[in-house]
2 protein chains.
Amino acid sequence: MSVELDRFKQVLKNNGHFVTKPRLRLFGHLQNHKVVTVSQLISLLSHHDQATVYRNIKIFEGLGIISRLQLGWHSKLELSDTFQHHHHHMTCLKCGKVTVLNEDPAIEKQIEHMSARSNFKPIHHQLEIRGLCHICKKT
Amino acid sequence: MSVELDRFKQVLKNNGHFVTKPRLRLFGHLQNHKVVTVSQLISLLSHHDQATVYRNIKIFEGLGIISRLQLGWHSKLELSDTFQHHHHHMTCLKCGKVTVLNEDPAIEKQIEHMSARSNFKPIHHQLEIRGLCHICKKT
DNA sequence: ATACTTGCAAATACTTTGCACTCCG
DNA sequence: CGGAGTGCAAAGTATTTGCAAGTAT
């Protein structure tokens with residue numbers, strides 16, 4: 001059993017939530033898909049009710065298990081930094097593909113600086129770069 | 001008449017759109033409010049039909065006049081970099097306030113680097129830092 | 001046992017569409 | 001004038017809620 005799965009169950013329990021089948025499946029799909037829309041999740045979990053999916057998404061957001069991003073035109077969900085390595089995104093404006101960028105220590109440091117300068121305590125952050133991917137930029 | 005307003009009208013005309021009252025008002029509210037939700041715009045423009053507001057938001061997004069951000073829990077709209085100085089955002093997780101960060105040349109440079117490294121042509125980007133604002137971090 | 005969850009159905013809220021009329025250029 | 005835009009009403013989607021039955025601890 002993966003470390004993340006254990007941690008996931010722990011977070012639920014520690015906050016008075018039960019570990020249930022729909023929640024385990026939801027978590028599993030989030031692990032597989034990197035970024036997903038709500039409606040993708042609803043169809044992936046089609047043998048459960050959509051109300052259940054919505055309710056659990058909300059709980060997961062509240063517990064900081066997932067974060068909601070605006071990538072391209074739609075809002076999407078992904079596991080938060082606690083459950084996968086911190087990273088940023090690039091969205092191609094032509095083909096719509098979302099690419100994951102590996103962490104860049106220099107940027108992370110800059111973000112710390114900026115926050116400190118504004119007297120703000122940063123907890124997490126997200127960066128999206130929109131542009132043309134290596135394929136689309138050629139055409 | 002502001003430079004931005006002129007440019008706004010120009011963008012509409014150049015793309016075969018008319019300059020109409022609802023569009024001017026919409027643009028005006030965007031200038032006043034920095035970031036707004038769709039429903040705020042609908043109530044600000046309540047003497048126009050909401051269908052009109054939605055249609056124009058869509059057109060503005062298509063023309064790159066506004067961008068849609070995920071700040072905190074809801075998606076919000078703001079004028080794009082063409083119509084106001086480029087900047088980033090900090091959202092306070094406690095009080096929900098959104099603060100605008102002034103541009104930081106070092107970060108902008110880093111973003112260029114990151115994109116180049118991934119063979120990606122960056123067009124624009126957005127960064128949101130979530131944490132505690134200078135007031136909430138004290139309590 | 002009991003408090004939390006689910007599934008279902010109904011209610012809300014949000015967004016899009018069709019069409020006749022109006023307005024911008 | 002002619003095409004683009006608006007308002008209105010209705011249709012679609014998306015999301016939330018109430019409640020009885022089911023399930024995790």
Side-chain angles (χ1 to χ4, degrees), chain A residues 1 5-30 35-77, chain B residues 1 5-30 35-77:
Chain A
M1 183 185 297
L5 185 53
D6 268 342
R7 200 178 312 144
F8 166 67
K9 293 180 179 174
Q10 215 46 56
V11 172
L12 285 178
K13 286 177 185 163
N14 292 163
N15 289 281
H17 293 288
F18 291 170
V19 175
T20 65
K21 224 166 258 164
R23 289 177 184 160
L24 288 169
R25 296 226 176 93
L26 178 50
F27 186 74
H29 287 305
L30 287 160
V35 284
V36 256
T37 61
V38 173
S39 58
Q40 281 178 300
L41 285 174
I42 288 173
S43 53
L44 285 167
L45 292 163
S46 55
H47 39 314
H48 293 288
D49 193 83
Q50 59 189 79
T52 301
V53 180
Y54 280 111
R55 281 189 280 233
N56 286 326
I57 286 174
K58 210 176 221 178
I59 289 172
F60 285 18
E61 280 189 275
L63 296 177
I65 294 169
I66 57 181
S67 23
R68 193 178 284 260
L69 314 167
Q70 186 75 33
L71 295 177
W73 297 71
H74 288 292
S75 107
K76 301 200 175 68
L77 303 169
Chain B
M1 183 187 298
L5 185 54
D6 268 344
R7 199 178 313 144
F8 167 66
K9 293 179 178 175
Q10 216 45 56
V11 172
L12 286 178
K13 286 178 185 162
N14 293 163
N15 290 280
H17 293 289
F18 291 166
V19 175
T20 65
K21 222 165 263 165
R23 287 176 188 163
L24 288 169
R25 296 227 175 93
L26 179 50
F27 186 73
H29 287 304
L30 288 161
V35 285
V36 258
T37 61
V38 173
S39 58
Q40 281 179 300
L41 286 174
I42 289 174
S43 52
L44 286 166
L45 293 163
S46 56
H47 38 314
H48 293 288
D49 193 83
Q50 59 189 80
T52 302
V53 180
Y54 280 112
R55 281 188 281 234
N56 286 325
I57 287 174
K58 210 176 218 179
I59 289 172
F60 285 17
E61 279 190 274
L63 296 176
I65 294 170
I66 57 182
S67 20
R68 193 178 285 260
L69 314 167
Q70 186 76 33
L71 294 178
W73 296 70
H74 289 291
S75 106
K76 303 201 173 67
L77 304 169

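Hydrogens, waters and symmetry mates are skipped; everything else that's a heavy atom, side chains included, is used. In the text below, chain A, chain B and the rest are named by the order of the sequence lines, each starting its count at 1.
Projected onto DNA chain D by closest heavy-atom contact, A:R55 and A:V38 fall at different nucleotides, the more 5' of which corresponds to A:V38. Residue order along DNA chain C, read from the 5' end via each residue's closest nucleotide, puts A:A51 first among A:A51 and B:S39. With DNA chain C read from its 5' end, the first of the two nearest nucleotides for B:V19 and B:Q50 is the one closest to B:Q50.
The main-chain N or O of A:I42 is never found under 3.5 Å from a side-chain atom of A:S46 such that the two would form a donor-acceptor pair. Between the B:K76 side chain and the B:L71 main chain, a donor and an acceptor come within less than 3.5 Å of each other. Checked by atom type and distance alone, the side chain of A:D49 pairs as donor or acceptor with a backbone atom of A:A51 at under 3.5 Å. Using a distance-only test at 3.5 Å, with no hydrogens or angles considered, a donor-acceptor pair links the side chain of A:T37 to the main chain of A:Q40.
The interatomic distance linking A:L24 (CG) with D:dT23 (P) rounds to 15 Å, in whole Å. The distance between atom OH of B:Y54 and atom P of D:dC8, rounded to the nearest whole Å, is 17 Å. Between the C1' atom of C:dT5 and the CG atom of A:L12 lies a distance of 12 Å, rounded to the nearest Å. The CG-P distance, from B:L41 to C:dT15, rounds to 11 Å in whole Å. Between the C1' atom of D:dA4 and the NZ atom of B:K58 lies a distance of 17 Å, rounded to the nearest Å. Atom pair B:I42:CD1 and C:dC14:P shows a separation of 8 Å (rounding to whole Å applied). Nucleotide C:dC14 holds its P atom 9 Å from the NE2 atom of B:H74, rounded to whole Å. Put simply, CZ on B:R25 is 15 Å from C1' on D:dG5, counting in whole angstrom units.
Contact between the side-chain N/O atoms of A:N56 and the OP1/OP2 oxygens of C:dT6 is found at a separation under 4.0 Å. Distances shown here put a side-chain N or O of A:T52 below 4.0 Å from the OP1 or OP2 atom of C:dG7. Remark: A:T20 is not in phosphate contact with C:dC4, judged by side-chain N or O atoms under 4.0 Å from OP1 or OP2.
Exactly one of B:I59, B:L45, B:T20, B:T52 qualifies for a side-chain contact (heavy atoms from CB on, under 4.5 Å) with B:L26. That residue is B:L45.
When heavy atoms are screened at a 4.0 angstrom cut-off, A:R23 is found touching the sugar-phosphate backbone but no base atom. Within 4.0 Å (heavy atoms only), A:K13 reaches sugar-phosphate atoms of the nucleic acid but no base atom.
Here the nucleotide nearest the side chain of B:H48, chosen from D:dT6, D:dA24, C:dG7, is D:dT6. Checking C:dC4, C:dG18, C:dT6 against the side-chain heavy atoms of A:F18 singles out C:dC4 as nearest. The side chain of A:D49 lies closest to C:dC8, out of C:dT16, D:dT6, C:dC8.
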